Novice: 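Sharing a structure here in structure tokens format.
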Amino acid sequence: MARRSRTKTPITEQAPDIRKTNFAEVCLGYTIEEGQAEAARCLQCKNAPCIGNCPVMIDIPGFILAIKEGSMQKAADILGKYTNLPAICGRVCPQEKQCEQVCKLGMAKNFEPVAIGKLERLVADWALENQDFSSQVVNDQPYIGKVAVIGSGPSGLTVAGDLAKLNYEVTIFEALHDSGGVLTYGIPEFRLPKRIVQKEIESIKSLGVSIETNVVVGKTITMDEIMADFDACYISVGAGAPNFMGIPGTALNGVYSSSEYLTRINLMHGYEFPKYDTPIKQSKNVVVIGGGNVAMDAARSAKRLGAETVSIVYRRSLEELPARIEEYHHSVEEGITYHWLTNPIEYLDDGQGNLCGVKCIQMELGEADESGRRRPVPIENSEFIIEADTVIEAIGQGSNKVLLSTFPELNLTKWGYIEADPKTGETSIPGVFAGGDIVTGAATVILAMGAGKVAAVAIDKYVQEQKTPVTTKV
Ligand code: FAD
Ligand code: SF4
């Protein structure tokens, strides 16, 4: 242990003063030499706990050893066995709450865990630059069956890639004009460059998966048509319908949902207006409501668009903040300020229908609620006003009803998500599987991918069983 560096190998990032004025990626990644230095910190544990805490059970010591030995191709092959989207996961997975949280090196006094996520990103980026994905078509045998995937987010892409590898003909139907789900329309360029998302999607397409965009299932085509045409289908439509606080003033000009704000910027390239023709408001004082990754992304985007002040209003304290800690630190470095233990109660009108301020109340933490977190309660007579011309509400999303309302046969949970077996993705209807945020509610990329992985195995089993002739004893 003594010869190992206690801290992670430093990684190059854009300086805060520069990056807060552009949308280019913040973290520039390891060089191969830096990656090898970091890989050398790994203890190569037997029964490595990092594997068990990865939702797709990547052979982490295996790919790290390959980096250390200088074999990037071997490292890429190992990763490829477990994940179709490593360059994305290496960037946005909450590693600090998964593999890195249980890393044995990190358990030792004063040692940081191995930078597993950054190493995954290094290998994946190397593969995207150096591997020829056009040659990875699996085989030329007749397809086993035809599967429809609805929604092209990480869950749909994963199930599609895994089924294509098993020799299925897979078609993904996507409502938007571009594929990738939240990876494309939600997470900003400075955290997850769209060229990386598109390259990983291309690698999945090169397995034979076809993606039909601008198809809203439930409107453009029906579930009945899909079920008649395909042997099975997987619903992965995410949880993209915005929730609102519903406080007075919500209809004022300048009040956005984070979904609209981020979609304008990311999917519609609002930050490149007028090169792209989606305008985005030039704000002076922005208030973001919420404390998750979405709130961080909205606040940091507003800063990059030139807002003078950007503050986050969160009803609990830093200790309970659900966002990734790395994103929080980045936001502070970029000049985002925080109103902890604060809740908005009214959006104020300038007399012409435009937002001019946010009336807030201070909170304190009371007894624990059903989530185990202490419930924030308002402190009487503690109201105050934050000047603002833009508010972005990032208080969570729910299930989108476009498809579900046309398919009432499907059992839903009491929260309006699809009821599905977490071990298989099976729903109440034979041949219809579901996974990702539309089953769990808003969660993470890797959990959505994990659901896609287990569903691919279950769909294969289901289709094979349907196609096997039933023989009866005479
Ligand atoms: P989605 O990614 O939501 O994809 C669903 C797709 O289905 C969409 O493309 C949608 O257009 C399409 N669709 C919907 N209805 C239909 C229909 N009727 N017909 C056809 N297509 C349809 N997670 C992390 O792990 N790390 C992060 O840093 C992180 N940051 C985030 C930042 C933001 C701003 C947001 C919004 C989420 C973030 N998440 C993060 C969460 C993560 O992105 C989601 O958990 C994940 O994308 C869910 O994947 P999914 O495939 O289930 O759905
Ligand atoms: Fe390496 Fe940490 Fe995994 Fe052990 S737990 S194998 S040190 S990454």
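Whatever order the structure lists ligands and atoms in, that order sets their numbers, starting from 1. Here the structure is a predicted model, which means the values were calculated and not measured.
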Novice: Hey, which atoms in ligand 1 end up nearer than 4.0 Å to a heavy atom of G436?
Specialist: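 In order of numbering, the contacting atoms are 52 (O).
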Novice: Quick check: does V402 get an N/O under 3.5 Å from an N/O on ligand 1?
Specialist: no
Novice: With atoms numbered from 1 as shown, which atoms in ligand 1 lie under 4.0 angstrom from a non-hydrogen atom of S236?
Specialist: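 Going through ligand 1 atom by atom, the ones under 4.0 Å from S236 are 5 (C), 6 (C), 7 (O).
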Novice: Go through ligand 1 atom by atom and flag the ones less than 4.0 Å from a non-hydrogen atom of V445.
Specialist: 23 (N), 24 (C), 25 (O), 42 (C), 43 (O), 45 (O)
Novice: Is the shortest side-chain heavy-atom distance between Y256 and K281 below 4.5 Å?
Specialist: yes
Novice: So, does L262 sit close enough to ligand 1 that a heavy atom of it is under 4.0 Å from the ligand?
Specialist: yes
Novice: Strictly distance-based, threshold 3.5 Å: is any side-chain N or O of R41 a donor or acceptor partner for the main-chain N or O of P113?
Specialist: yes
Novice: Just checking W415 against Y417, ring centres under 6.0 Å apart?
Specialist: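 When the ring centroids of W415 and Y417 are compared, they turn out to be at least 6.0 Å apart.
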Novice: What do you reckon, does R191 put a non-hydrogen atom under 4.0 Å from ligand 1?
Specialist: yes
Novice: Starting from atom 39 (N) of ligand 1, which protein heavy atom do you reach first, and at what distance in Å?
Specialist: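 For this ligand atom, the closest protein heavy atom is A443 O, 4.2 Å.
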Novice: Evaluate whether atom NZ of K461 has more than 12 neighbouring non-hydrogen atoms of other residues, nucleotides or ligands under 6.0 angstrom away.
Specialist: no
Novice: In terms of side-chain geometry, is the basic nitrogen of R191 or D297 positioned less than 4.0 Å from the acidic oxygen of its partner?
Specialist: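 A salt bridge links R191 with D297.
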Novice: Would you say N400 and ligand 1 have an N/O pair spaced under 3.5 Å apart?
Specialist: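 Between N400 and ligand 1, no N or O pair is found under 3.5 Å apart.
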Novice: Nearest protein heavy-atom contact for atom 7 (O) of ligand 1: which residue, which atom, what distance?
Specialist: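 Answer, as residue, atom name and distance: G151 CA, 3.2 Å.
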Novice: Between T390 and S283, does any side-chain donor sit less than 3.5 Å from a side-chain acceptor?
Specialist: yes
Novice: So which protein N/O/S atoms does atom 4 (Fe) of ligand 2 have within less than 2.8 Å?
Specialist: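 C45 SG, with waters left out.
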Novice: Does either side chain, that of Q14 or that of N22, offer a donor lying less than 3.5 Å from an acceptor on the other one?
Specialist: yes
Novice: Between T158 (side chain only) and G156 (backbone N and O only), is there a donor and an acceptor less than 3.5 Å apart?
Specialist: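 No.
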Novice: Indicate yes or no: at least one non-hydrogen side-chain atom of E326 is less than 4.5 angstrom from one of E96.
Specialist: no
Novice: Closer than 4.0 Å to some heavy atom of D437 - which atoms of ligand 1 meet that?
Specialist: 44 (C), 45 (O), 46 (C), 48 (C), 52 (O)
Novice: Below 4.0 angstrom from a heavy atom of I116, which ligand 2 atoms are there? Numbered from 1 as shown, please.
Specialist: 8 (S)
Novice: Could you tell me whether ligand 1 has any atom less than 4.0 Å away from a heavy atom of G240?
Specialist: no
Novice: What residue and heavy atom of the protein are closest to atom 31 (C) of ligand 1, and at what distance?
Specialist: I187 CG1, 3.7 Å
Novice: Which of the atoms in ligand 1, numbered in the order shown and given with their element, are less than 4.0 Å from a heavy-atom of L176?
Specialist: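 What qualifies from ligand 1 is 11 (O).
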Novice: Rounded to the nearest 0.5 Å, what separates atom CG in L183 from atom CG in L192?
Specialist: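 The CG atom of L183 sits 6.0 Å away from the CG atom of L192.
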Novice: Checking a contact table here: which protein heavy atom is nearest atom 53 (O) of ligand 1, and how many Å away?
Specialist: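 Its nearest protein heavy-atom neighbour is G238 CA, 3.4 Å.
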Novice: Would E202 and K199 pass as an ion pair if we require N to O under 4.0 Å?
Specialist: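 The answer is no: the pair does not qualify as a salt bridge.
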Novice: Can you check whether K8's main-chain N or O pairs, donor with acceptor, with E112's side chain at less than 3.5 Å?
Specialist: yes
Novice: Which ligand 1 atoms are under 4.0 Å away from a heavy-atom of V216?
Specialist: 18 (N), 19 (N)
Novice: With a cutoff of 4.0 Å, is A442 in contact with ligand 1, counting heavy atoms of the residue only?
Specialist: no
Novice: Report the member of I235, L183, V237 with the shortest heavy-atom distance to atom 15 (N) of ligand 1.
Specialist: V237
Novice: Could you tell me if any non-hydrogen atom of Q397 lies under 4.0 Å from any atom of ligand 1?
Specialist: yes
Novice: Please confirm whether V92 comes within less than 3.5 Å of ligand 1 when only nitrogen or oxygen atoms on both sides are compared.
Specialist: yes
Novice: Can you pull out the closest protein heavy atom to atom 4 (O) of ligand 1? Residue, atom name and distance to 0.1 Å, please.
Specialist: G153 CA, 3.4 Å
Novice: Look only at the side chain of T263 and the backbone of E260, and say whether a donor-acceptor pair between them is shorter than 3.5 Å.
Specialist: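 No: the side chain of T263 does not pair with the backbone of E260.
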Novice: Quick one: does any side-chain atom of E320 pair with a main-chain N or O of S317 as donor and acceptor, under 3.5 Å?
Specialist: yes
Novice: Can you pull out the closest protein heavy atom to atom 43 (O) of ligand 1? Residue, atom name and distance to 0.1 Å, please.
Specialist: V182 CG1, 3.1 Å
Novice: Nearest heavy atom to atom 20 (C) of ligand 1 wins, so pick from T406, V215, I438.
Specialist: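 Going through T406, V215, I438 one by one, V215 has the nearest heavy atom to atom 20 (C) of ligand 1.
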Novice: Measuring from the heavy atoms of P154, does anything fall under 4.0 Å of ligand 1?
Specialist: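 Flag set, P154 near ligand 1.
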Novice: Going by atom types only, do D59 and Y82 share a side-chain donor-acceptor pair under 3.5 Å?
Specialist: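 Y82 and D59 do not have a side-chain donor-acceptor pair below 3.5 Å.
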Novice: Is the shortest N/O to N/O distance between A175 and ligand 1 below 3.5 Å?
Specialist: yes
Novice: Salt-bridged, E333 to R19, with N to O below 4.0 Å?
Specialist: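 Between R19 and E333 there is a salt bridge, with a charged N closer than 4.0 Å to a carboxylate O.
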Novice: Report yes if S155 has an N/O atom closer than 3.5 Å to an N/O atom of ligand 1; otherwise report no.
Specialist: yes
Novice: Note the single closest protein heavy atom to atom 32 (C) of ligand 1, along with its residue, its atom name and the distance in Å.
Specialist: D297 OD2, 3.2 Å
Novice: Over 60° means perpendicular and under 30° means parallel, so classify the ring planes of H269 and Y276, tilted if in between.
Specialist: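 Because their plane-to-plane angle is under 30°, the rings of Y276 and H269 count as parallel.
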Novice: If we ignore hydrogens and angles and just use 3.5 Å, is the side chain of E100 paired with the main-chain N or O of G117 as donor and acceptor?
Specialist: yes
Novice: With respect to R324, determine whether any N or O atom, backbone or side chain, lies less than 3.5 Å from an N or O atom of ligand 1.
Specialist: no
Novice: Is a salt bridge present between R91 and D125, judged by a nitrogen-to-oxygen distance below 4.0 Å?
Specialist: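 The answer is yes: the pair qualifies as a salt bridge.
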Novice: Given side chains that start at C-beta, do those of V26 and R300 come closer than 4.5 Å, heavy atoms only?
Specialist: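 Side chain of V26 against side chain of R300, heavy atoms only: contact under 4.5 Å found.
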Novice: V217 to ligand 1: N or O pair under 3.5 Å?
Specialist: yes
Novice: Do L166 and I459 come close enough that some side-chain heavy atom pair is under 4.5 Å?
Specialist: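 The answer is no, as the side chains (C-beta and beyond) never meet within the 4.5 Å cut-off.
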Novice: With a cut-off of 4.0 Å, which atoms of ligand 1 are near a heavy atom of E174?
Specialist: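 In order of numbering, the contacting atoms are 6 (C), 7 (O), 8 (C), 9 (O), 10 (C), 11 (O), 12 (C), 20 (C), 21 (N).
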Novice: Nearest protein heavy atom to atom 33 (C) of ligand 1, by residue and atom, and its distance?
Specialist: V294 CG2, 3.6 Å
Novice: Would you mind running through ligand 1 and noting each atom that sits below 4.0 Å from a heavy atom of I150?
Specialist: 19 (N), 20 (C)
Novice: Should the pair E34-K118 be classified as a salt bridge under the 4.0 Å nitrogen-to-oxygen rule?
Specialist: no
